[in-house]
J.: 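Below you'll find the structure I mean.
Residues take their numbers from the sequence shown, with the count starting at 1. The basis for the numbers below is simple: all heavy atoms, side chains too, and nothing from hydrogens, waters or symmetry mates. Not measured: the values here are computed from a predicted model.
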Amino acid sequence: MAKALFLCICSVIAGCRHVEVIPTENLHFGHGLYVLNEGNMGSNKASIDFYDIDNDTLYRNIYPTVNPQIIKELGDVGNDIAIYGGKMYAVINVSGKVEVMDLQAKRIGQVDIPNCRSIVFHEGYAYVSSYAGPVQLDENYKQRGYVAKIDTVSLHITDTCLVGYQPNGLAAAAGKLYVANSGGYMAPNYDSTLSVIDLKTFKEVERITIAKNLNEVVYDEGQHRLIISAQGDYYTERAMLYQLDPTSKEVKALGYAGRHLQMVAGELRYMPQNISQLKLSNQKELMTPYGYYVDPENEEMYVTDARDYVTPGVLYRYSKDGQLISKHRTGDIPGHFALKR
């Protein structure tokens with residue numbers, strides 16, 4: 001009876017944790033792509049998959065396998081993932097933490113940051129944007145967001161800087177940190193500014209008006225410009241790309257935008273709203289294109305499909321001319337990437 005009860009309890013726990021058991025000895029962390037799956041808000045289903053590029057194999061939900069002692073697994077809503085200095089950082093939005101791991105996904109520690117969104121690195125520090133306040137839609141939202149500065153050795157927050165409302169993407173360039181303020185909780189009163197932080201003083205020195213509901217920002221070193229995506233209001237104002245000259249402060253519209261921005265060998269790559277522009281060989285197969293990444297080494301493309309947002313997604317791998325190489329089932333809502341060389 002006691003044994004039966006024990007097995008029943010274990011089954012319930014496993015069911016709640018959504019554990020997909022992978023024998024540890026079968027995991028191979030070579031040259032590959034980590035995929036952070038967002039999971040639905042409130043479901044505690046953020047997860048990490050690892051795609052072994054050389055062997056064309058995807059391992060799903062590796063975190064609980066590598067870290068069986070962490071009862072709640074990765075947490076609620078995965079928002080960003082990056083590798084820096086031999087560590088991997090996963091920004092877990094609603095759980096209010098940055099999970100820090102080694103490059104085999106073994107937990108090193110965590111940094112607590114409420115409603116955290118995106119991460120970028122510069123000279124030994126990690127910079128994380130935070131909405132600061134609760135997850136709450138309110139056109140009169142009063143809580144400004146901030147950026148946390150984290151020592152990547154000690155994993156301690158050494159400073160914070162207030163910015164605009166609901167800050168998302170960040171980019172470091174020429175001694176400055178640029179932060180895209182969205183005001184996403186304040187619809188229809190979106191923020192439209194890019195905060196500029198001096199990295200020496202870690203103080204906001206300027207805000208530049210760009211457009212409604214900013215999302216991502218990347219620095220194009222070759223042309224000494226910032227590329228910023230604005231999501232618009234989702235109704236009458238479409239998502240757009242903008243260019244900012246950080247010296248003259250001139251802002252120029254570049255055209256309609258997509259979800260993800262990336263600089264590859266000095267060239268801007270992004271997933272456009274009209275996914276057909278990528279000329280993918282299996283275009284009609286994609287239901288809800290969600291994430292996009294270009295391998296800087298060979299220019300192969302990776303596109304994720306969130307499908308219906310409640311069931312497992314799909315990772316598609318393409319040659320640089322859009323020919324499908326392979327596809328693999330992922331966790332729920334795959335959207336963020338980190339390349340392990």
J.: Looking at Tyr190, I'd like to know if the NZ or CZ of Lys212 sits under 6.0 Å from its six-membered ring centre while staying within 45 degrees of the ring's axis.
T.: no
J.: Within the 4.5 Å heavy-atom criterion, are Tyr141 and Gln136 side-chain neighbours or not?
T.: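 In short, these two side chains touch, coming nearer than 4.5 Å.
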J.: Drop me the distance from Phe202's CZ to Cys161's SG, to the nearest 0.5 angstrom.
T.: 5.5 Å
J.: Tell me, with the steps shown, if Gln231 and Tyr234 meet side chain to side chain contact (heavy atoms under 4.5 Å, CB included).
T.: CA-CA 7 Å; Gln231 299 176 106; Tyr234 308 106; 3.5 Å; yes
J.: Between Phe121, Tyr34, Tyr127, which is the residue that forms a ring-ring contact (aromatic ring centres under 6.0 Å, His included) with Tyr89?
T.: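 In the set Phe121, Tyr34, Tyr127, the residue that makes a ring-ring contact (aromatic ring centres under 6.0 Å, His included) with Tyr89 is Phe121.
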J.: Are any of the side-chain heavy atoms of Val147 and Leu177 separated by less than 4.5 Å?
T.: yes
J.: Starting at OH of Tyr290, measure out to NE2 of His260 and round the result to the nearest 0.5 Å.
T.: 7.0 Å
J.: Is it true that Val179 and Ile157 fall in one hydrophobic cluster, defined by side-chain heavy atoms closer than 4.5 Å?
T.: no
J.: If you round to the nearest 0.5 Å, how far is OH of Tyr256 from CG of Leu241?
T.: 12.0 Å
J.: Between Gln262 and Tyr292, does any side-chain donor sit less than 3.5 Å from a side-chain acceptor?
T.: no
J.: Is a donor from one side chain sitting under 3.5 angstrom from an acceptor on the other, for Asp56 and Ser326?
T.: yes
J.: Could you tell me which non-hydrogen atom of Pro296 sits nearest to which non-hydrogen atom of Leu339, and how far apart they are?
T.: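 That closest heavy-atom pairing would be CD-CD2, 4.0 Å.
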J.: Donor-acceptor check, side chain of Thr57 to backbone of Asp52, threshold 3.5 angstrom: yes or no?
T.: no
J.: So among Arg317, Lys320, Arg269, which one has a salt bridge (Lys or Arg N to Asp or Glu O under 4.0 Å) with Glu300?
T.: Arg317
J.: May I ask whether Phe337 and Val314 are part of the same hydrophobic cluster, defined by side-chain heavy atoms of I, L, V, M, F, W, Y residues being less than 4.5 angstrom apart, directly or through others?
T.: no
J.: Identify whether the distance between the nearest side-chain nitrogen and carboxylate oxygen of Lys97 and Asp112 falls below 4.0 Å.
T.: no
J.: Which distance, rounded to the nearest 0.5 Å, do you find between the CG of Asn282 and the CG of Leu324?
T.: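 Going from CG on Asn282 over to CG on Leu324, the span is 4.5 Å.
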J.: Judged by atom type as modelled, is there a donor-acceptor pair below 3.5 Å linking the side chain of Ser229 to the main-chain atoms of Glu216?
T.: yes
J.: Between the side chain of Ser319 and the main-chain N/O of Gln323, is any donor-acceptor distance below 3.5 Å?
T.: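 Checking the backbone N and O of Gln323 against the side chain of Ser319, a donor-acceptor pair under 3.5 Å is found.
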J.: Checking Glu206 against Lys176 for the salt bridge (charged side-chain N to carboxylate O under 4.0 Å, His left out) test, could you report, in this order, the C-alpha distance in whole Å, the side-chain angles of both residues, the deciding distance, and whether it holds?
T.: CA-CA 11 Å; Glu206 188 176 11; Lys176 300 289 193 298; over 6 Å; no
J.: Return the minimal non-hydrogen interatomic distance between Ala132 and Gly145, and the atom names on each side.
T.: CB-CA, 4.2 Å
J.: Closer than 3.5 angstrom, by distance alone: can the side chain of Asp233 be matched with the main-chain N or O of Thr236 as a donor-acceptor pair?
T.: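 Present.
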J.: Determine whether Leu214 and Leu194 make a side-chain contact, defined as any pair of heavy atoms from C-beta on separated by less than 4.5 Å.
T.: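 They are in contact (side-chain heavy atoms under 4.5 Å apart), so the answer is yes.
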J.: Go through the steps for Asp305 and Arg307 under the test salt bridge (charged side-chain N to carboxylate O under 4.0 Å, His left out), then give the verdict.
T.: CA-CA 5 Å; Asp305 189 344; Arg307 311 296 287 171; 3.2 Å; yes
J.: Could you walk me through whether Phe50 and Phe29 pass the ring pair (Phe, Tyr, Trp, His ring centres under 6.0 Å) check?
T.: CA-CA 8 Å; Phe50 181 73; Phe29 294 104; 5.3 Å; yes
J.: Val303 and Leu58: same hydrophobic cluster, using ILVMFWY side-chain contacts below 4.5 Å?
T.: no
J.: Do any pairs count as a salt bridge (Lys or Arg N to Asp or Glu O under 4.0 Å) and have a residue in residues 134-145, sequence neighbours left out, and if so which ones?
T.: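 For residues 134-145: Arg144-Glu204.
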J.: After noting the C-alpha distance and the side-chain angles of Asn93 and Asn115, does the key distance pass the side chain to side chain donor-acceptor pair (under 3.5 Å) rule?
T.: CA-CA 5 Å; Asn93 171 227; Asn115 210 337; 2.7 Å; yes
J.: Step by step, would you call Val196 with Tyr178 a side chain to side chain contact (heavy atoms under 4.5 Å, CB included)?
T.: CA-CA 5 Å; Val196 184; Tyr178 296 87; 3.8 Å; yes
J.: May I ask whether Leu261 and Leu278 are part of the same hydrophobic cluster, defined by side-chain heavy atoms of I, L, V, M, F, W, Y residues being less than 4.5 angstrom apart, directly or through others?
T.: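 No, because Leu261 and Leu278 fall into different hydrophobic clusters, even though each may have its own neighbours under 4.5 Å.
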J.: Determine yes or no for a side-chain-to-main-chain donor-acceptor pair under 3.5 angstrom, with Asp332 supplying the side chain and Gly39 the backbone.
T.: no
J.: Will you find, in the side chains of Asp191 and Asn213, an N or O donor that is under 3.5 Å from an N or O acceptor?
T.: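 The answer is no; no qualifying pair exists.
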J.: Hey, are Ser47 and Asn37 close enough side-chain-wise for a donor-acceptor pair under 3.5 Å?
T.: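 There is such a pair between these side chains.
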J.: Decide whether Asn61 and Asp49 meet the rule of one side-chain donor and one side-chain acceptor closer than 3.5 Å.
T.: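 No pair is found: no donor N or O on one side chain lies under 3.5 Å from an acceptor on the other.
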J.: Quick one, Ile150 and Ile119 - any side-chain contact, counting heavy atoms below 4.5 Å?
T.: no
J.: Between Ser129 and Gly169, is there a donor-acceptor pair closer than 3.5 Å when you use the side chain of the first and the backbone of the second?
T.: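 Pair absent, no side-chain N/O of Ser129 close to backbone of Gly169.
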J.: Using modelled atom types only, decide if a donor and an acceptor are shared between the side chain of Ser95 and the backbone of Ile92 within a distance under 3.5 Å.
T.: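 No.
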J.: Under 3.5 Å, is there a donor-acceptor pair between the side chain of Ser182 and the main chain of Pro167?
T.: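 Side chain of Ser182 to backbone of Pro167: no pair is present.
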J.: Measure the NE2-OH distance between His28 and Tyr59 for me, rounded to the nearest 0.5 Å.
T.: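 That separation rounds to 7.0 Å.
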J.: For Cys116 and Val128, which heavy atoms make the closest approach, and how far apart are they?
T.: CB-CG1, 3.8 Å
J.: Might you point out which heavy atoms bring Ile113 and Ser130 nearest each other, and give the distance in Å?
T.: CG2-CB, 3.7 Å
J.: Whether the side chain of Asp308 engages the backbone of Thr311 through a donor-acceptor N/O pair (distance < 3.5 Å, no angle test) should be reported.
T.: yes
J.: Same cluster or not: Val163 versus Ile208, using hydrophobic residues (I, L, V, M, F, W, Y) connected whenever any side-chain heavy atoms lie under 4.5 Å apart?
T.: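 Result: no, two separate clusters.
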J.: Are any side-chain N or O atoms of Thr193 and backbone N or O atoms of Arg207, one a donor and one an acceptor, separated by less than 3.5 Å?
T.: no
J.: With sequence neighbours left out, write down each residue that passes ring-ring contact (aromatic ring centres under 6.0 Å, His included) with Tyr131, or none if nothing qualifies.
T.: Tyr185
J.: What's the spacing between Arg117 CZ and Asn79 CG if we round to 0.5 Å?
T.: 4.5 Å
J.: Just so I know, are the side chains of Leu199 and Lys149 near enough to count as touching, which here means a heavy-atom distance under 4.5 Å?
T.: no
J.: Do the charged groups of Glu38 and Lys45 touch, with an N to O distance under 4.0 Å?
T.: no
J.: Please report the shortest heavy-atom distance between Ala180 and Asn215, naming the atom on each side.
T.: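 That would be CB-O, 3.9 Å.
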J.: Could you tell me if the side chain of Arg225 sits less than 4.5 Å from the side chain of Asp245, heavy atoms only?
T.: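 A side-chain contact under 4.5 Å is absent here.
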J.: Less than 4.5 Å apart, any side-chain heavy atom of Asp295 and any of Leu33?
T.: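 Contact flag for Asp295/Leu33 side chains = no.
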J.: Between His328 and Tyr51, what is the ring plane arrangement, given parallel below 30°, perpendicular above 60°, and tilted in between?
T.: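 Tilted: the ring planes of His328 and Tyr51 meet at 30° to 60°.
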J.: Mind checking what makes side-chain contact (heavy atoms from CB on, under 4.5 Å) contact with Leu103, not counting sequence neighbours?
T.: Ile83, Met88, Lys340
J.: For Tyr146 versus Pro114, what's the shortest heavy-atom pair and its separation?
T.: OH-CD, 3.2 Å
J.: Does any part of the side chain of Leu244, heavy atoms only, come nearer than 4.5 Å to the side chain of Ile228, both counted from C-beta?
T.: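 Yes, close enough: below the 4.5 Å cut-off.
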